[in-house]
Amino acid sequence: MDLAKDIHLQINTDKIAGKVSPFLFGQFIENMYDCIDPGLHAQLLLSRGFEHPDANGDGVSDPWFPEGCGEYSLDKKHTVAPSYAQRLKNHEDHVNCGVAQGDLMLYDNEEYEGSFWVYAEEHASVQVKITSHDQQEVFSTAYAVSPGKWVKHTFQFRSAYNQKVKLSLSISQKAEIWLDQVSLIPCSAVCKVWTDVMRYIKDLHPAIIRFPGGCFADCYHWQDGIGNPDDRPARPNAHWGGIEDNGFGTDEFIAMCREIGCEPMICVNFGSGTPEEAANWVEYCNGPVHSKYGALRASNGNPEPYGVKYWDIGNEAFADWEIGHCDAVEYCERFEQFSQAMRKVDPEIKLIACGGDGNSSDQNWNITLSSKIGHLVDYLGIHNYTPLTDKKFPDPRAQYYAVAGAPSQYEKRMRETAQVIQSNAQNTRLAVTEWNCNYQDGTEQEQTLEAAICNAGMLNAFIRMGELLPIAMISDLVNGWPGGIIRSRYGKCYGTPTYHVMGMYAQAQPRELIECRYSSPSYSAEAVGNLEKADQIPLVDIVACNTAENKLCLFIVNRNLEDEYTIHLPEGFFATSVSTITSDNFSDRNTWESEKIAPKELTGAFKKLNVCPCSVSKVYIG
């Protein structure tokens with residue numbers, strides 16, 4: 001694109017065009033595939049309660065496997081937590097009979113704490129052994145088992161190397177035992193979160209995090225996730241599949257938010273739950289210690305109320321894929337019931353209603369909600385995902401320009417939605433409680449620079465929305481699906497390009513939108529996925545903000561794949577620091593080996609800025 005490459009910027013620091021909420025840089029976690037376990041939750045073992053199915057018929061819960069001879073079965077006769085324990089029966093003395101789980105990653109000089117529950121009907125001895133892939137013993141000890149009662153045993157050891165290991169529990173005498181609730185966690189975990197993952201989260205400075213869904217929220221019953229983790233029942237994930245061990249529940253989520261220094265947002269079960277269940281959850285979080293559920297919270301070690309302010313009622317209720325989906329009128333009727341029950345417990349809470357499809361220009365759902373229950377709703381929540389191509393698009397370059405320009409379409413749609421709700425309920429604001437690039441084509445393009453360019457443009461659009469849009473949460477924070485911005489494995493992680501864009505914006509702490517004017521060359525993009533054909537998309541997108549530290553900051557997105565632009569600052573303005581995210585190709589992404597797409601900073605005193613192609617820049621003005 002050979003267009004004018006000089007852009008003259010006008011900045012009026014005396015004119016505040018809107019407030020910028022710190023909640024625009026919110027995050028979202030959901031029990032979806034590997035987001036919580038094992039991406040976030042620092043538990044090395046899967047199926048620690050032996051609740052995952054025995055898919056291969058060996059009598060052992062997957063991914064555990066039998067070792068040695070004997071008889072194996074998942075058994076309900078004796079358990080610590082519902083519904084199963086792992087039964088082992090050895091028919092001979094001096095023969096090994098055990099279960100093991102491999103591919104567990106330990107790190108040099110890291111200390112680990114393990115535990116397990118065991119039951120026997122006769123005296124026995126259980127050996128715990130941890131061995132490396134080359135059969136070197138890392139740890140080993142034996143425990144005598146007295147008959148007739150469940151006993152918990154704990155152990156601790158330090159790893160001398162970075163190594164993958166196998167944990168095994170076995171008997172070598174004629175006996176029958178039951179095992180349940182086996183655990184292995186690093187002692188360095190912070191609020192049960194992997195240390196590296198917690199560090200990456202903190203570096204994002206999220207002001208609010210939403211939990212536990214998402215679609216999962218409409219099949220989640222919160223009491224499954226409180227109390228002693230060893231006593232919690234595992235449940236099938238009715239939306240995403242698999243089994244949830246429920247080791248990371250309300251108390252763990254709140255503890256994580258307190259450690260990070262952010263507000264929690266909880267999405268209640270609208271699809272398969274009841275207003276009473278939601279109200280009880282509010283009381284568990286916010287009720288005084290003398291209330292029924294406040295007392296339950298206190299008995300779990302948290303006497304002080306959590307003071308959870310933001311409560312989301314349902315998720316994508318308009319959609320046929322959602323558990324408990326319904327039409328807009330029914331949603332309004334049920335929302336009123338939830339609202340009444342929850343606010344009876346705590347009148348100060350803020351409620352988010354489930355808006356219509358954020359990817360559609362159809363406003364009928366939002367019109368119905370705002371007219372019928374707008375007086376009860378503090379925020380109308382929508383979800384923005386693009387381009388939803390479902391299959392690989394044949395022209396990558398055309399796709400890039402369509403996706404990079406998507407924020408123009410979404411900003412228009414968000415303003416239309418805001419206008420709808422404001423016309424019926426002036427005190428209701430918009431919240432984008434899930435958003436990200438989502439290709440749904442199996443290519444993981446969500447992790448590319450292309451996606452980051454689009455998402456930076458979305459952040460600029462959110463900032464321009466001002467007071468109309470105080471809340472936004474990118475999806476997901478950790479793993480979960482290809483859009484997870486922190487990629488976590490074995491407790492180590494790296495950030496996608498979008499992760500670094502989110503950090504770049506959030507760390508600046510923009511608080512006021514400042515009027516700035518400029519003229520950018522524009523382009524047209526063809527229809528791709530759920531994106532319509534579009535014209536007059538600016539190649540350069542700039543917002544100016546005052547930060548919490550009273551600094552003037554520019555966020556600049558250059559969508560052009562070939563051309564660098566020179567941004568001429570107004571007379572008397574100088575750039576003192578420029579941080580840029582870019583790469584050689586729009587399809588580039590970060591990997592376990594190289595986190596190369598990250599901000600590169602240049603300091604000095606610059607009267608003009610050279611903004612490289614396909615880039616996102618943060619500029620501080622002196």
Give a yes-or-no answer on whether the side chains of [X] and [Y] include a donor-acceptor pair shorter than 3.5 Å.
X      : Y      : value
Asn530 : Thr386 : yes
Ser488 : Asn479 : no
Thr448 : Ser587 : no
Thr547 : Glu549 : no
Asp251 : Tyr306 : yes
Asn366 : Gln363 : yes
Gln399 : Gln445 : yes
Tyr505 : Asn460 : yes
Arg297 : Asn286 : no
Ser360 : Asp362 : no

Quiz prompt | Verdict with reasoning, Leu430 to Met465, per side chain to side chain contact (heavy atoms under 4.5 Å, CB included) | solution = CA-CA 10 Å; Leu430 192 60; Met465 292 287 291; 4.2 Å; yes
Quiz item: Between Trp240 and Phe216, does the ring centre distance come in under 6.0 Å?
Solution: no
Quiz item: Do Phe211 and Phe28 make the cut of ring centroids closer than 6.0 angstrom?
Solution: no
Heavy-atom closest contact ([X] atom, [Y] atom, distance):
X      : Y      : answer
Gly273 : Phe338 : O-CZ, 4.2 Å
Cys354 : Glu316 : SG-N, 3.2 Å
Ile323 : Ala238 : CD1-CB, 3.9 Å
Phe393 : Ala398 : CE2-CB, 4.2 Å
Thr428 : Val377 : OG1-O, 2.8 Å
Thr582 : Ser615 : CB-CB, 3.8 Å

Working to the nearest 0.5 angstrom, can you tell me the gap between [X] [atom1] and [Y] [atom2]?
X      : Y      : atom1 : atom2 : result
Arg258 : Asn302 : CZ    : CG    : 10.0 Å
Asn424 : Ile373 : CG    : CD1   : 11.5 Å
Arg589 : Glu450 : CZ    : CD    : 10.0 Å
Leu380 : Leu469 : CG    : CG    : 11.0 Å
Cys267 : Met473 : SG    : CE    : 10.0 Å

Run the side-chain donor-acceptor check on residues 197-207: report pairs under 3.5 Å with partners two or more places apart or on a different chain.
from, atom 1, to, atom 2, distance (Å)
Tyr200, OH, Glu595, OE1, 2.8
Tyr200, OH, Glu595, OE2, 3.4
Lys202, NZ, Glu259, OE2, 2.6

With a cut-off of under 6.0 Å to the ring centre and 45° to the axis, is [X] in cation-pi contact with [Y]?
X      : Y      : answer
Lys551 : Tyr620 : yes
Arg397 : Tyr400 : no
Arg334 : Phe270 : yes
Arg487 : Tyr494 : no

Quiz item: Considering the options Asn560, Val540, Ile537, which one meets the side-chain contact (heavy atoms from CB on, under 4.5 Å) requirement together with Ser520?
Solution: Val540
Self-check item: Sole candidate of Thr13, Ile514, Leu513 that passes side-chain contact (heavy atoms from CB on, under 4.5 Å) when paired with Asn546
Solution: Ile514
Practice problem: Output every pair passing ring pair (Phe, Tyr, Trp, His ring centres under 6.0 Å) with a member in residues 369-388, not counting sequence neighbours, ordered by first then second residue. | Solution: Tyr385-Trp481
In plain terms, say whether [X] and [Y] are close enough for a salt bridge, that is, a side-chain N and a carboxylate O under 4.0 Å apart.
X      : Y      : value
Asp346 : Lys344 : no
Asp541 : Arg464 : yes
Arg413 : Glu411 : no
Asp378 : Arg429 : no

Mark yes or no for whether [X], through its side chain, and [Y], through its backbone, hold a donor-acceptor pair below 3.5 Å.
X      : Y      : answer
Gln10  : Tyr518 : no
Thr274 : Glu277 : yes
Ser522 : Pro538 : no
Ser21  : Pro470 : yes
Asp218 : Asn269 : no
Glu446 : Tyr439 : yes
Asn436 : Asn438 : no
Gln507 : Met504 : no
Asp34  : Asp37  : no
Gln409 : Glu532 : yes

Quiz item: Where does the angle between the aromatic ring planes of Tyr331 and Phe335 fall among parallel (under 30°), tilted (30 to 60°) and perpendicular (over 60°)?
Solution: tilted
Quiz item: Would you call the rings of Trp435 and Phe462 parallel, tilted or perpendicular, where under 30° means parallel and over 60° means perpendicular?
Solution: perpendicular
Self-check item: Check against salt bridge (charged side-chain N to carboxylate O under 4.0 Å, His left out), Lys309 and Glu348
Solution: CA-CA 7 Å; Lys309 185 176 181 180; Glu348 301 303 315; over 6 Å; no
Quiz item: Would Asn315 and Glu322 satisfy side chain to side chain contact (heavy atoms under 4.5 Å, CB included), going step by step from the backbone distance to the final call?
Solution: CA-CA 8 Å; Asn315 179 80; Glu322 192 73 20; 3.3 Å; yes
Exercise. Take Trp311 and Trp281, measure what side chain to side chain contact (heavy atoms under 4.5 Å, CB included) needs, and give me the verdict at the end.
Key: CA-CA 10 Å; Trp311 295 83; Trp281 202 354; 4.1 Å; yes
Quiz item: Are Leu539 and Tyr401 close enough, and set up right, to give a side chain to side chain contact (heavy atoms under 4.5 Å, CB included), and what steps lead you there?
Solution: CA-CA 9 Å; Leu539 280 162; Tyr401 276 111; 4.3 Å; yes
